[in-house]
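These notes are about the structure you will find just below.
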Amino acid sequence: MAREKVKALLAREAAGGTVTVQGWVRTARHGKEVSFLEVADGSCFAGVQVVAGPELANFETCVRSVRTGCAVSATGTVVDSPGKGQRFEIQAQALELIGPVADDYPLQKKRHSFEFLRTIAHLRMRTNTLGAIVRVRNAASRAIHDFFQARGFLYLHTPIITMSDAEGAGELFRVTEFDPDTAPKKDGKTDFSQDFFGGESFLTVSGQLEAEIGALSMSDVYTFGPTFRSENSNTSRHLAEFWMVEPESAFCELEGLVDLAEAFLKEIFQRVLADCPDDMQFFNDRIDNSVLETLRHIIETPFERITYSEAISILEGSGQDFEFPVSWGVDLQSEHERYLAEEHIKRPVVVVDYPASIKAFYMYKNDDDRTVRAMDVLVPRVGEIIGGSQREHRLDILRERMRAQGLPEDHYWWYLDLRRYGSVPHAGFGLGFERVVQFMTGMANIRDVMPFPRVPGSAEF
RNA sequence: UCCCCGGUAGCUCAGUUGGCAGAGCAAGCGGCUGUUAACCGCUGGGUCGUAGGUUCAAGUCCUACCCGGGGAGCCA
């Protein structure tokens with residue numbers, strides 16, 4: 001008999017008929033005359049209750065030994081459950097133990113700490129929380145593609161290995177074929193001209209520069225892929241390997257970019273709430289009881305838009321005792337961002353037109369000659385969730401800014417070429433996918449929203 | 001990288017003034033006629049993170065290191 005996923009089974013209109021479900025036992029409760037097995041298969045938050053009695057030939061020899069973690073296949077009739085806690089259950093006609101578990105199976109029918117679950121990442125997706133995370137990641141990923149596809153953005157596959165140590169965006173992981181002990185030397189230094197790519201190469205820290213190439217041919221593109229930072233950051237918000245979403249749009253200026261970012265966040269949140277109601281309810285009940293209200297509020301409310309200068313005025317007049325003092329020209333710290341979004345404006349706020357001195361060389365310089373067209377989307381609880389900018393498309397000004405920051409033009413010859421051949425205003429933003437999942441679910445540590453997190457000192461699994 | 005906190009059974013934790021290593025859950029065995037993290041009884045289970053030091057005696061005090069967590073910085 002063909003298998004039916006638990007999600008499809010629980011979505012049925014009414015009981016009746018025979019079904020086969022296959023999955024892993026969440027909990028097993030055995031009585032003398034009856035056994036209750038909760039079987040989950042990952043298709044949805046809930047499992048289905050399988051009821052097995054002595055009429056099964058293997059009841060004594062097999063069924064009663066089934067316990068948490070066992071893989072089973074159950075065939076039976078779908079009936080309305082007389083017990084509380086579930087609508088349907090399966091009255092088993094046959095139950096096969098496909099994969100028993102050894103005595104030292106580490107998952108129990110109780111709460112485990114997330115720290116412990118990280119040490120058993122090969123099993124933790126069987127828990128409520130990590131299972132829900134995987135489904136939310138899936139729904140959010142699909143929503144991201146749908147959002148851009150519906151607007152005519154092309155999915156551009158940007159490289160993971162790169163030779164440009166672009167934009168000083170953190171430390172890079174080196175990619176090399178050399179054995180460290182026998183690498184060829186030249187003038188006392190490793191001679192990477194003999195390496196695989198004929199020069200130093202690294203794992204990408206951003207697809208932005210390549211996305212700009214795409215936008216200046218294809219109009220609207222986006223990337224959605226892994227990025228890597230070799231920074232020794234030990235926090236609940238950083239990973240060495242994370243997924244980043246980066247749209248880039250030609251014939252688009254800063255205001256259009258802010259519109260895009262606002263529509264983007266609202267649609268992703270809306271879609272995850274619609275596609276994963278049980279998972280999101282679980283996060284609201286057990287992880288953070290404000291996430292549903294927060295997401296609905298963001299979906300319904302227009303984002304506030306202010307300039308960096310206005311933000312500084314607000315902060316200076318706030319009467320708050322900040323750890324980092326505020327004045328025009330300093331970068332906004334986490335505490336400042338959170339004050340703006342949580343205390344003062346109480347909803348998502350987009351801050352634009354930052355001082356040129358604290359932003360990257362590729363951002364479009366305003367006529368005031370001291371600010372650039374950068375934008376950050378700040379949300380309550382986490383602060384910055386999106387960062388982006390209109391790009392500098394004027395060749396002379398771009399070269400001037402590169403010179404000012406000591407960047408070698410020959411490394412960026414193709415980036416500069418784009419400003420010589422049919423350059424147009426364009427803009428784009430980036431957001432860390434895991435940060436968005438963290439925000440949506442209320443999960444405290446980013447290592448628990450990534451199936452296989454990479455952090456300093458740890459790349460197991 | 002910096003600051004703070006922690007590491008005791010498979011898991012979550014207690015362990016008093018330095019004086020016999022503990023509980024709940026899990027596991028094994030038995031019981032229980034519909035359970036919902038089921039329930040009841042019994043049994044097994046320990047290099048107290050590692051290495052030194054102080055002491056008649058160290059889970060407990062001291063030093064170094066390792067690992068984990070929270071916060072900060074950097075950032076996404």
Side-chain angles (χ1 to χ4, degrees), chain A residues 25-38 46-54 64-65 67-69 79-86 89 91 101-120 123-124 127-128 167-171 204-208 225-246 286 323-324 331-335 337 358-360 376-379 382-388 429-439 444-450 455-458 460:
Chain A
V25 173
R26 279 272 181 76
T27 70
R29 295 176 290 277
H30 299 290
K32 189 177 188 181
E33 298 289 326
V34 64
S35 286
F36 300 94
L37 310 176
E38 189 192 347
V48 65
Q49 175 159 280
V50 174
V51 185
R64 284 172 61 84
S65 71
R67 55 195 186 81
T68 302
V79 299
D80 290 313
S81 178
K84 291 177 181 172
Q86 60 278 321
E89 64 187 27
Q91 187 65 50
V101 294
D103 288 349
D104 58 355
Y105 185 64
L107 288 174
Q108 301 171 24
K109 333 176 232 197
K110 68 166 203 171
R111 222 193 133 274
H112 289 288
S113 69
F114 290 126
E115 293 81 11
F116 171 64
L117 292 177
R118 276 172 223 150
T119 69
I120 51 168
L123 298 170
R124 69 175 181 164
T127 63
N128 282 335
E167 50 168 327
E171 300 293 309
T204 185
V205 293
S206 164
Q208 181 198 314
T227 49
F228 309 87
R229 305 278 168 91
S230 172
E231 273 151 10
N232 193 10
S233 309
N234 276 293
T235 83
S236 56
R237 304 179 309 284
H238 289 86
L239 293 165
E241 176 179 307
F242 63 98
W243 286 64
M244 193 143 69
V245 179
E246 294 174 292
R286 296 295 181 86
E323 186 184 345
F324 294 89
D331 206 356
L332 298 181
Q333 302 292 320
S334 312
E335 57 175 344
E337 295 177 344
I358 59 171
K359 289 294 184 181
D376 284 351
V377 180
L378 313 180
V379 293
V382 298
E384 181 185 334
I385 197 165
I386 285 181
F429 65 74
L431 89 164
F433 183 63
E434 282 70 27
R435 294 253 178 104
V436 173
V437 176
Q438 240 187 315
F439 180 70
N445 197 311
I446 201 167
R447 298 167 195 204
D448 301 319
V449 301
M450 180 69 135
V455 295
S458 171
E460 208 175 5

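Chain identifiers are assigned alphabetically (A, B, ...) following the order of the sequence lines, protein sequences preceding nucleic acid strands; residue numbering begins at 1 within each chain.
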Do Val79(A) and Glu89(A) have side chains that get closer than 4.5 Å, going by heavy atoms?
-> yes
Would you check if His112(A) and Ile120(A) make a side-chain contact, meaning some heavy-atom pair closer than 4.5 Å?
->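 Not touching, per the 4.5 Å side-chain cut-off.
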Pick base, sugar-phosphate or nothing for [X], based on heavy-atom distances below 4.0 Å to the nucleic acid.
X	value
Ser236(A)	sugar-phosphate
Glu89(A)	base
Pro82(A)	base
Leu239(A)	base
Glu246(A)	nothing
Glu115(A)	sugar-phosphate
Thr227(A)	nothing

For RNA chain B, the expected dot-bracket line (Watson-Crick or G-U under 3.5 Å, [ ] crossing, | inter-strand) is (((((((..((((.....[..)))).(((((.......))))).....(((((..]....))))))))))))....
So, taking the atom named [atom1] in [X] and the one named [atom2] in [Y], what distance separates them when rounded to the nearest 0.5 Å?
X	Y	atom1	atom2	answer
Phe36(A)	Ser81(A)	CZ	OG	8.0 Å
Arg124(A)	Leu107(A)	CZ	CG	11.5 Å
Thr27(A)	Lys109(A)	OG1	NZ	6.0 Å
Glu38(A)	Arg29(A)	CD	CZ	7.0 Å
Glu434(A)	Asp448(A)	CD	CG	12.0 Å

Of Lys32(A) and Asp331(A), whose closest RNA chain B nucleotide lies nearer the 5' terminus?
->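 This one resolves to Lys32(A).
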Closest nucleotide among [options] to the [X] side chain:
X	options	value
Phe36(A)	C75(B), G34(B), G73(B)	G34(B)
Thr27(A)	G28(B), U35(B), A38(B)	A38(B)
Gln86(A)	G34(B), U35(B), C11(B)	U35(B)
Lys110(A)	U12(B), A76(B), G69(B)	U12(B)
Arg29(A)	C75(B), U36(B), C25(B)	U36(B)

Nearest-angstrom distance from the residue atom CG of Asn234(A) to C1' of C3(B) = 13 Å
OP1 or OP2 of [N] versus the side-chain N and O atoms of [X]: is any pair under 4.0 Å?
X	N	answer
Gln333(A)	C74(B)	yes
Arg447(A)	G68(B)	no
Arg67(A)	G28(B)	yes
Ser233(A)	C74(B)	no
Arg237(A)	C74(B)	no
Ser334(A)	G73(B)	yes
Asn445(A)	G70(B)	yes
Arg111(A)	C11(B)	no
Lys109(A)	A38(B)	yes

Is there a donor on the side chain of [X] or the base of [N] sitting less than 3.5 Å from an acceptor on the other?
X	N	result
His238(A)	C74(B)	yes
Arg435(A)	C75(B)	yes
Glu323(A)	G71(B)	no
His112(A)	C11(B)	no
Gln49(A)	U35(B)	yes

With C1' as the reference atom in both, quote the distance from A57(B) to G19(B) in angstrom, rounded to an integer.
->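 Here A57(B) and G19(B) have their C1' atoms 7 Å from each other.
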Given the P atoms of C75(B) and A37(B), what is the spacing between them in whole Å?
->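 It comes out at 47 Å once rounded to the nearest Å.
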Val455(A) pairs by side chain to side chain contact (heavy atoms under 4.5 Å, CB included) with which of Arg447(A), Met450(A), Glu241(A)?
->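 Answer to the side chain to side chain contact (heavy atoms under 4.5 Å, CB included) test with Val455(A) among Arg447(A), Met450(A), Glu241(A): Arg447(A).
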Counting distance only, does the side-chain N/O of Thr227(A) pair as donor-acceptor with the main-chain N or O of Trp243(A) below 3.5 Å?
-> no
Aromatic stack Phe242(A)/A76(B): centroid gap under 5.5 Å, interplanar angle under 30° | yes
